[in-house]
Each structure stands twice: as structure tokens, then as C-alpha cells.
Amino acid sequence: MRDKYDFTAIESKWQKIWEEENAFTTTDDQSREKYYVLEMFPYPSGKLHMGHVRNYSIGDVVARFKKMKGCNVLHPMGWDSFGLPAENAAIKHGIHPFTWTNSNINDMRDQLKSLGLSYDWDREVATCKPDYYRWMQWIFIQFYKKGLAYKKDNPVNWCPDCQTVLANEQVVDGCCERCHTPVTKKHLSQWYLKITDYADRLLANLDDLPGWPDKVKSMQRNWIGRSEGAEVTFTIDGSGKDLVVFTTRPDTLFGVTYMVLAPEHPYVKELTAGTEYEAAVNAYVDACAHKSELERTSLTKEKTGEFIGKYAVNPVNGEKIPIYISDYVMMDYGTGAIMAVPAHDQRDFEFAKAFGLDIIPVVDVPDVDLDNLTEAAAAEGIMINSGKYTGMNNKDAIRKITEDLEAAGKGKKTINYKLRDWLISRQRYWGTPIPMVYCEKCGWVPEDEKNLPVLLPTDVEFTGKGDSPLTTSATFRKCTCPKCGGEAEREIDTMDTFLDSSWYFLRYCDAHNEEQAFDPAKVNYWMNVDQYIGGVEHAILHLMYARFFQMVLHDLGLCEAEEPFKNLLTQGMVIKGYTDSEGNYVKAKMSKSLGNVVSPAEIQAKYGSDTARLFILFAAPPEKELDWSDEGVEGSYRFLNRVYRLVFEYIESIRGDEREFAEPVCSNEADKSLNYMLNATIKKVEEDAGGRFNFNTAIASIMELVNEMYKYKQHAEMNLPLFNKAIETLLTVLNPFTPHLTEEMWNQLGHEDRLYAKSWPVYDESALVKDEIEIIVQINGKLKDKFLMPNNSSKEDTEKAARELEKVKEATEGKNIVKVIVIPNRIVNFVVR
RNA sequence: GCCGGUGUGGCGGAAUUGGCAGACGCGCCGGAUUCAAAAUCCGGUGAUGGCGACAUCGUGUGGGUUCGAGCCCCACCACCGGUACCA
């Protein structure tokens, strides 16, 4: 034998065998308990990085473990293969996006296979292929028919670099999520999905997802941003027009001293047209329009605005108050207009100070000097200066005033959400064509479902400039109206790729269906996903869109499950230390620009895939950041070689002997101890890897077993049946983590069957019952001594034995034992004074 | 501001139900093996004091509950993530 095992030969050998044996092909076996484990499918960039390896190693352990536990496991993989990089490659290198994407998929599939991941490759999907996007288009049409897709002319987020619009969720700190270019506003007619119709359900259902991390749920709650309040109707003096505002503080209505409209508010033009205020107001509106999202939402800047020359009438007291415009009011939240209460709202306070407006306190907030306010008093208190509401608790006043407004037809209770409808049009080529047709006579009409897919044309020019590249096709645009048969034009924008990834988990259940998107019966067998695994960066975007889709498809009667992912595990990033330009050692996410990247390929070449998997699972619990350490990888490799030598030496030692072993009999302490250890390991790995997904501690316990076996081999008299059982248990429990080496050793032991197909071992409860238990002895809660007692000794016997101990006698001598706490099989604590 | 999370040796991290703090691994120190080295095997490794058995201290800080607190409660500090002129 050799010191080190030949991972290159072993790994490729078993990957080939698994493929030939269709080891991980899944069938819809209704008689067995199903388990659907899914990792977020990758964008086919062409190169696997450590984040992928971590994500897929976690999923693979879960899949292999559940399979051994007897579940019918669905573990598929595919490609989120539409998107900008393919198009950029086309612009830069003149390669067609399809060619580029396809070659990347092939490269990446090989890399995934080289990791020994147990995927059912028969169910592979690629969102850029017509057999997938055909059904994407079909689903879009169902949304449209249900009134959940609409086209609207709106100011939208525009990335000047990507030359496309972005969804709200894709704007991070005022910049494009992809390229970090500051986002500008543009007026465009675009397709939207009505996710706001589902805001309430998206929020409420979060409470029914105990298997999701609190962090993700709280991020989604923040994003949906529910707030309860009231709509209040003011009238504009002299015009007879109503001005509706949203407020969460109707209790402060008596403190309203002015109103503010968003600069984009439709009333602004009509109310100022032909007046002396028109010029100044127009100038202000213009200036706002040219500001970026970033400038406009900056909190630090001074309040600005313009008086528009009109007054509103307060519905509760008839007071006339001036109307302003200011960019601190947003057109797309609430009604685009606010009632301003400077005494109790900080932004209004700042504006009032800047414009010399009245500040009238109406809530007496404890410990605040209302006559000399230096900032707004936003806390709770007792109503003052508020007519008949004076003296009430302000919380009660909120309810009462809302009721009274409602009775007077001047307002109503309202719930507002920050969530906006999902803008899905993209001015790009490499995406699913939106299957809509514009007819002069009939307006927007969905393509006839019989004609799907609407194929992406190939005669397209990629310049990276101007409109959607689809406009350059000679054939694509012209079509006939599905309704009247007249001449019509196709939509030339494509869909946001986040639509593609919002239902791929359903397509896996029935990946090759040519009649429908998926067979509901199959989906109902497999869904929901029992365990979903991916990066936390998708906490809002992908995970909320997918939930939205699942709900709509449920409402359409296409699937029973209302939530797609029962349990969610968000794995942490892979980070690595490096020395920065100032000579400091810092840790950061692996990135090319920092030069702290370790490629999976180099690790696989040096140590093999089993080592890469083992290290990445051992170094940290899955949801935490993983600090990459070259020495740590070395250690994992060392451990696998230790396993290899242990098993190989054993095989050599029994060469030629009878291989059939009877159930071991443990006669001495060393045997009992090893037997205890091997059963405890089964239990521990089962709980840690299969239950709470703490793979690091599962692996640690396997390492302990190996250490114990080395000691046994060296010191104890060899009990062959027992040692054989330990060897086989070791290989079995280690198999989900490092499938190649363990499968090879299993085979070398002379077994004809396969480890991947074996059942998870059942641990022997009786072996876990120890004859003697170590009891902890404390004096005043501090550890003093330990001693052995027969298992399940009585309270009395335990206390008696503890009192006999030398150290206890010493410590209690001349002192008063006030109290003795005895927990049998665990602890004795003497309270001494 | 609001919401969520984290804080334990030189390092990554254990401690699952309030009961031995530091499992396992890395690093380091020592020993065996070797002509020598690598590899491997064995042992040690929280801090302070002591030759030593041992003693004292120790889980971000301060308090509390308890026979007993890394874990529970109160107050605070630091860091990380989300969200935000959202009315």
C-alpha cells in the first residue's frame, strides 16, 4: 500500500460507475416517502467557484443521507442560462449568446460531475432553451389572463450602462445591482406583474415558515413594508378638488400646518397653470427630474421645495393651510401627497424650520418641552389642542379620529405597502420573449398558446446600444394579430431572468413534458421542496418572486402547495484573509480584484474532490461565513489518508481469512468502549447531518471514531468481528461526505453491493447504555471531583458515595453542609457554609 | 431611526434541555521512527502562580435570578446584515 491514496484514479472510476448504473436517477414512486432537496441553480458563467462547491456539497450530503434513510430523493440540477453576460460576450467577441452559453453549460456540467454530486441529470433544464421558455411564455399568458400582467407608462429605473430598465429590487443604494452604475429615471411603457396584489399573503405566510431563517423572513418583511394608517381627504380651497393623503398618525390631524405634494404629482401642473407661481414650480420640478435616485433620497441634504399658491382645508377643523411641493415626498408611495405635522414628524419639522412654517404640538409627549422643540416629538402621549379629542391617549385618538373621518366620508382605514409591482421588461436580447402582440385594432393581445414558443430570432445585431436588439431582426417584429388576424407587431422586450428562476423547481418535477408546463399530479407528489439551499443574497429577489409565482400557480389550480420551499438554508460566504495595500491582514469574500481567490480546480487537482468537500463542510457550520484555510484543507486531506490507511491495513491483515463475520460479542472494556463509540457516532452523525445540518460536528464525531479505532488497534486485543463492524460503520457514515474514497474502500473490502445504495445503519440503543456513569462533584457549584457510579444509581446511593470522597471530606471539614443537590447519573453539589 | 444577527484559547469552531467551558481540526511544543529530512505514529497545549499535588481567574461590559449561568432576565458596548426623507 501507499502512504497517500490515489484520489485521481478513484474519483474518476466511481463517477463513471455511478453514471453507468444510473445511480441517482429518480422515478415518481408514490409508495415511498419523497424528499426534494434543491440547490439554487447557477448562472452558467463557465467556471465553478468555491461558493458553488459549498452550496452543492451541502445539498449532496443531504441528498445522499436521505437516500440512505430510505427516502425517494429528488435532487436535480439545471441552468439559469438567460442573462446579460452571454450578450456582452456576443458584443465583445462576436460569439452568438447561445453558442457561448451552451459551451459554458458543458464545461460547468463536467466540473459538477467531477465533484461526485448525486444529481439526476435526466431532469436537467436550461432556461434559455425553447422547451423551457415556451412554458415560461405560457405561464406569463396565464398571469395576463388573470389580470396580473399589465403594461404601463411610468418613470422607471434605468441603468445607463446595462442599457436596460431594472426592477426596484435590482436597485441597491441607488445603483445597478449588477454593474453599480448610478440608476437614472426614464419614462417608458413597460410590462409589470402585479405582485402587490399578493403583498398581504407574501407577508402573512412568512409566519407559517418555521423552517426559514429569521433573517430572511425579516428581510422580506422589511421589503414588503406593511404599515397601517388612514387615508384622509382634504379639499383644495377654491377648486373643489380633493387631495387625499396617507398617514399613520391621524391623531396629529390638528397639528397639520401645511401640505406637500411630490413634484411629479398630477395636480401640480393644473393647480399652477397660468399663475404667478408656475415658473418657479416648473423650475423646481425640472430640477428634481434630473436628479438621480441617489441624490434625491440622500437623508443629509437640506429640505427644499416651492409654494404652489394654493391652500387646502383641514377636514377636522376647517383651517386653511398652504400647499407646497418638495422632493422629500415620493410619488410612488401612498398617494404622493402628505399632510405635514412638523411638531411630530422629523422631516416635516426640518421643512417647517427651513420655510418658517407654524409648528403646533398636539400630543403631549412626556419629558419634552413642547414650547421649545429642537426636534420632532414622535413618541406617544396625551392629546392636546385637538378639540374633542383633547385628553385622550394618542393611541385611542388614532382609532377614534379614523372612525369619525370614515363616518363623515372624509377618510378611511388603509394599509400601505412599500412593495411595488414587479417591472419585468428588459431591453435585451438574451431572455424569454414576452409573448404579447400589439394590434392597432385590438390593442395588446397575448400570442395564441398554440403558437408558443415565440422563438428568439437569430438574425440579430449586437451593438450594446439603443433599443432592444430584437428590433434589428428583419422577421421577428411583424406578425398577425391572434384575435383579428390583421397586421400586428410583437413586443420587442424580453423578460427579466428572475421570472425564469421563479418556477424551475416545478419543471424539475416533470422536466420533459411537451404537453404542459408540468403535470400537476407529479408536482403534487414532489412539492414543496423539502430543503432549499442557496446564498443569502437571494433573500429578497429570487425567494420572494418564487413565492409569488407559487401562490399564483396555486390560485390557478396548477399545484396544491402555496409555498415553494418548506425549509431554507442560506449558506454563508466563502472568505479568505489577505494583506491589503496598507499591510493589514483582513478577511473578505473571495474576489479576483482582491487576489484572494482559490479555485476549486486547483484544490481538486492537489487533494481531490473528497478533500474539497470534506474541508468545506468541516470548517464552519453551513450558515456562517467560511474562512478558507490552506492548512485546514491539508488537515482534511490528512484525515482521509488516515481513514485510507486504517482500512487498507485492516484489509491486508485479513487477506485470505473468512470475510463473513458474526455479530460481535463485546467481552472486555476496550470492546465495550469501541462498540459504544461506533453506535454513538451513528447517532451523532444522523442527528447532526440529517437533522440540524451541522455537518462540521458530524464530521468531528467521525474523526473521534477514527482516533478511537487507532487507539483500539494499538492497545486492545483485536476482536475481529467488532473491528470489522467499526470499519464498515465508519465507511457508511462517512459516505455522504466523501463518496468516492468510501465507495472504493467498501469495494476493496470485497462487497459486491454499493455503499450509496445501502441503508443508513441503525444504532444499537443498548450499546449506548453505559454500566458506569461519571458523576460530577461540586462544592458550591464549583467542580471539585469526579467519580464513577453504576448506571441509574439512586439519589441516596449517589449522595452517600460522594460524601465518602477524600476531597469532599476535606472541603466540608468543619463546615456546615446547608444543602445537597443530587441529579442521578449527573451531578452532586454540596452547598457549604 | 427601525428590524434581524453575532461576540468563547494563537486561529476555525464545540458545548443540542441551565449541570465537567474549550469537542474536532489548524498552529505550536515534545517524543518515537529515520543516516537525515519529509511523511507517519504517540503525547502535550486557556491564563496566572507553584518543582509539585494544586490554587486562583476565565465565554464583550455591568448587574440580577439560581445550589449551579457561555446558555435565562435587565441595562449597556462593539461589530455584521437588511431597510429607510415610506408619511
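Letters go in sequence order (proteins before strands), and every chain restarts at 1.
- A cation-pi arrangement is absent between A:K587 and A:Y578, since the terminal nitrogen or guanidinium carbon is not both under 6.0 Å from the aromatic centre and inside a 45° cone about the axis.
- Nucleic acid contact for A:K215: sugar-phosphate only, since backbone atoms but no base atoms lie under 4.0 Å from a heavy atom of the residue.
- Partners of A:F830 under the ring-ring contact (aromatic ring centres under 6.0 Å, His included) rule, at least two apart in sequence or in another chain, do not exist in this structure.
- With sequence neighbours excluded, the residues that form a side chain to side chain contact (heavy atoms under 4.5 Å, CB included) with A:T233 are A:D242, A:V244.
- One C1' atom belongs to B:A53, the other to B:A14, and the distance between them is 30 Å to the nearest Å.
- A:E231 comes within 4.0 angstrom of no nucleic acid atom, judged by non-hydrogen atoms across all strands.
- Remark: A:R613 pairs with A:D60 by the side chain to side chain donor-acceptor pair (under 3.5 Å) rule, at least two apart or across chains.
- Dashed line: the shortest gap from a side-chain N or O of A:R221 to OP1 or OP2 of B:A84 is not under 4.0 Å.
- Taking every side-chain heavy atom of A:D327 into account, B:C85 is the closest of B:C42, B:A23, B:C85.
- In this structure, A:Q346 reaches neither bases nor backbone, as no heavy-atom distance under 4.0 Å exists between it and the strands shown.
- A:R692 comes within 4.0 angstrom of a base, heavy atoms only.
- Checking A:Y417 against A:D200 by side-chain atom types alone, a donor-acceptor pair falls below 3.5 Å.
- Closest contact between the side chain of A:S218 and the listed nucleotides B:C24, B:C3, B:G12 involves B:C3.
- For the contact set between residues 331-341 of chain A and RNA chain B, defined by any heavy atom under 4.0 Å, the members are A:Y333, A:I338.
- By the salt bridge (Lys or Arg N to Asp or Glu O under 4.0 Å) test, A:K713 pairs with A:E649, sequence neighbours left out.
- Cation-pi check for A:K4 over A:Y644 is not met; the charged atom does not lie both under 6.0 angstrom from the ring centroid and within 45 degrees of its normal.
- Contact annotation: A:R645 side-chain N/O to B:C41 OP1/OP2 distance is under 4.0 Å.
- At a threshold of 4.0 angstrom between heavy atoms, the contacts of A:N696 are confined to the sugar-phosphate backbone, with no base atom among them.
- Among A:I321, A:I338, A:I325, the one residue that satisfies the side chain to side chain contact (heavy atoms under 4.5 Å, CB included) test with A:M259 is A:I321.
- Backbone-only engagement by A:Y710 is indicated by non-hydrogen atom pairs under 4.0 Å involving sugar-phosphate atoms exclusively.
- You'll find that the side chain of A:T697 is closest to B:A14, out of B:C20, B:G13, B:A14.
- Shown here are the side chain to side chain contact (heavy atoms under 4.5 Å, CB included) partners of A:K576, two or more places apart in sequence or in another chain: A:M590, A:N596, A:V598, A:W628, A:D630.
- Picking from B:C85, B:C20, B:G82 the nucleotide with the shortest atom distance to the side chain of A:N222 gives B:G82.
- In this model, the phosphate group of B:C20 is not approached by any side-chain N or O of A:K786 to a distance below 4.0 Å at OP1 or OP2.
- Residue contacts shown for A:S227 are limited to sugar-phosphate atoms, with no base heavy atom under 4.0 Å away.
- Using C1' as the reference atom, B:G4 and B:G18 are 26 Å apart when rounded to the nearest Å.
- B:A84 and B:C73 have their C1' atoms separated by 32 Å, with the value rounded to a whole Å.
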Just the table, please: protein N/O against nucleotides 26-31 of chain B N/O, every pair under 3.5 Å.
residue : atom : partner : partner atom : Å
B:C26   : OP1  : A:R638  : NE           : 3.2
B:C26   : OP1  : A:R638  : NH2          : 2.7
B:G27   : OP2  : A:R638  : NH2          : 3.2

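- The neighbour count for A:R692 CZ, taken as heavy atoms of other residues, nucleotides or ligands under 6.0 Å away, is above 12.
- At a cut-off of 3.5 Å, with distance as the only test, no side-chain donor of A:E708 or A:T681 sits close to an acceptor on the other residue.
- Here the nucleotide nearest the side chain of A:R347, chosen from B:C41, B:A23, B:C86, is B:C86.
- Contacts of A:V329 with the nucleic acid, taken as non-hydrogen atoms under 4.0 Å apart, include base atoms.
- For RNA chain B, runs of at least 3 consecutive pairs of the Watson-Crick or G-U wobble type, with both hydrogen-bonding distances under 3.5 angstrom, map to B:1-7 with B:77-83, B:10-12 with B:24-26, B:27-32 with B:40-45, B:46-49 with B:54-57, B:60-64 with B:72-76.
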*Reading nucleotides 54-59 of chain B 5' to 3', which nucleotides get B (base under 4.0 Å from a protein heavy atom), which S (sugar-phosphate only), which -?*
SS-S--
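- Applying the ring-ring contact (aromatic ring centres under 6.0 Å, His included) rule to A:F639 yields no partners; only residues at least two apart in sequence or on another chain are considered.
- Applying the salt bridge (Lys or Arg N to Asp or Glu O under 4.0 Å) rule to A:E264 yields the partners A:R296; only residues at least two apart in sequence or on another chain are considered.
- The ring-ring contact (aromatic ring centres under 6.0 Å, His included) check on A:Y637 picks up A:Y607, with sequence neighbours excluded.
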*Give the C-alpha distance, both sets of side-chain angles, the deciding distance and a yes or no for ring-ring contact (aromatic ring centres under 6.0 Å, His included) between A:Y258 and A:F351.*
CA-CA 10 Å; A:Y258 64 100; A:F351 189 90; 5.2 Å; yes
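- One N or O donor and one acceptor, one from the side chain of A:R420 and one from the base of B:C86, sit under 3.5 Å apart.
- Looking at the side chain of A:D214, the nearest of the listed nucleotides B:C85, B:G82, B:G4 is B:G4.
- Here A:P213 lies out of heavy-atom contact (under 4.0 Å) with every strand.
- Within the nucleic acid shown, A:N707 comes within 4.0 Å of sugar-phosphate atoms alone, with no base atom in reach, counting heavy atoms only.
- Distance from the side chain of A:K4 is smallest for B:A39 among the nucleotides B:G12, B:C86, B:A39.
- Atom name C1', nucleotides B:C29 and B:G10: the rounded distance is 13 Å, in whole Å.
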